[in-house]
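The structure appears right after this line, and notes come after that.
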Amino acid sequence: MSLVMVEVHVRIMVTYIVFVLSIIFVISFVGVSSKPSPIYGGLGLIVGGGAGCGVVLSFGGSFLGLIVFLIYLGGMLVVFGYTTAMATEQYPEVWVSNKVVLGAFILGLVVESLIVIYALKSGEVKIVFEFDGLGDWVIYDTGGSGVFSEEVTGIAALYSYGVWLVIVTGWSLFVSVVIIMEITRGN
Amino acid sequence: MNPSIFIILLTTLILGTMMVITSSHWLLAWIGFEMNMMAFIPIMMKNPSPRATEASTKYLLTQATASALLMMAVIINLMYSGQWTITKLFNPTASTLMTVALAIKLGLAPFHFWVPEVTQGIPLTTGLILLTWQKLAPLSILYQISPSINLYLMLTMSLLSILVGGWGGLNQTQLRKIMAYSSIAHMGWMTTILPYNPTLTLLNLLIYITMTFTMFMLFIQNSTTTTLSLSQTWNKTPIITTLTMLTLLSMGGLPPLSGFMPKWMIIQELTKNDILIMPTFMAITALLNLYFYMRLTYSTALTLFPSTNNMKMKWQFSPTKRAPLLPTAIVISTMLLPLTPMLSILL
């Protein structure tokens, strides 16, 4: 009986998985922006990256979601973690160590829960644009054609007739590293 | 700064603005804005000092916030129109957000607070780039979305800018802050006429860039950054006193100099739309601008402050600084008024 209940709850939760993941996404960014030490900010980003990957996967973009894990978490965040570890202090600030950080985190959580309750309770949400309750957060269909996967076609397009975007983004990343090193060089 | 790095940064700066101006996809325009901002920051930190670091930080924070607001407006527009083309926006929320974002980027009041402080903390040449080149990209986007801009929002911000630009510059003796407040006021004039006739915005931008370029080149010639050192120019390079006077009067909008052309055209265009109180207000508050230009003119060209006899006999060295394009810029920024009908090339 309890197993059936657990299965029913998991089934229902799977329908709302995007909604749950979106909530975790926002919580992670609240955790980052309440300004603990950068290491714990990186932890918040990891959770957010994982939740974001889950959202992308739920919409059918399996390749791009796993790219998030590989490149964003496994590449950029690792480098960020190493550089932060080089510059860290003896007692880094966690969310619970400083009242200000804790207060900001709780404030963000409270505001987010208010918005979530507003979205769940009322039939529609009309803050900036209107959407009908949970309609956009529960996946009935992935949108799109159903014939081919738009995600893979998009990636293929990026390297064929969207090659200018690859050049621009590649140049931007290179210039970003040059800029960071130039600024921190000081002299 | 290492020359090859400087070339990379300048290339990225130019590439970013070009991408904003020439792109038809909102994502590429946003990327262009970000490239522009990122490349400009180490240029501002060319001579590292706490002042320059503070200026760069303020610039980064304001411009990054504005880019984020721009992206939000683009996404709201995408939600309501289903496409990414840079045309007029299809939703009033998106339009308001984007107008505010571009106003932050330009330094329109009430988002003008960063302009004097950032301009003051950076070297003269970098300040020149900040006040001329960095205005091209936001104005090009404003030009393209001008049919959908909320009239009252735009007019409020621009009239406030003209007032703040004139009023705020009154108590300044630092030349870079004076140029910053002059920039705020001119941006106000440019965005006033944007909902009515965007061509005149481009005309005003062209004349403003020429005049600001001239002023900065005149300052760079003697590395003057304060009114006090500008008042000593009669001793170093006497011709600069006359040229400074002419260019300052042109910036103040006095006929028969070219600075009168955009103001004249803007007031004429506004009266064609049966608006009379607003151009009167604009012309009167532009007098505040003219007052501090006149004060600079007075202390530079019209008055010799009492000084010891020693100071009057300066050994004249041959100048080491070359001012690129200075004669051309001076001619354009003072003698262009008879060519006013040629503004039709901007149509």
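Residue numbers start from 1 in every chain, and the chains themselves are labelled A, B, ... in the order their sequence lines are given, proteins ahead of strands.
- A pairwise comparison of heavy atoms in A:S62 and A:E151 identifies N-OE2, 3.6 Å as the closest pair.
- Scanning all heavy atoms of the two residues, the minimum distance from A:P92 to A:S37 falls at CB-OG, 3.4 Å.
- Of the atoms belonging to B:M45, it is side-chain heavy atoms, and not backbone ones, that fall under 4.5 Å from chain A.
- Within residues 153-169 of chain A, the residues having any heavy atom less than 4.5 Å from a heavy atom of chain B are, in residue-number order, A:W164, A:L165, A:V168.
- Between the side chains of B:T125 and B:K46, no donor N or O sits under 3.5 Å from an acceptor N or O.
- You'll find the side chain of B:F213 reaches within 4.5 Å of the side chain of B:L128, heavy atoms only.
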Set out, in order, the CA-CA distance, both residues' side-chain angles and the distance that settles side-chain hydrogen bond (donor to acceptor under 3.5 Å, both in side chains) for B:K321 and B:S223, then state yes or no. CA-CA 9 Å; B:K321 268 215 177 93; B:S223 297; 2.7 Å; yes
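- Between the side chains of B:T93 and B:N91, at least one donor N or O lies within less than 3.5 Å of an accepting N or O.
- Considering every non-hydrogen atom in both B:F111 and B:A103, the closest pair reads CD1-CB, 4.0 Å.
- Of the atoms belonging to B:I43, not a single heavy atom falls under 4.5 Å from chain A.
- Among residues two or more places apart in sequence or in another chain, the side chain to side chain donor-acceptor pair (under 3.5 Å) test is passed with B:T12 by A:W171.
- Of the atoms belonging to B:I5, it is side-chain heavy atoms, and not backbone ones, that fall under 4.5 Å from chain A.
- Of the two parts of B:M44, neither the backbone nor the side chain holds a non-hydrogen atom closer than 4.5 Å to a non-hydrogen atom of chain A.
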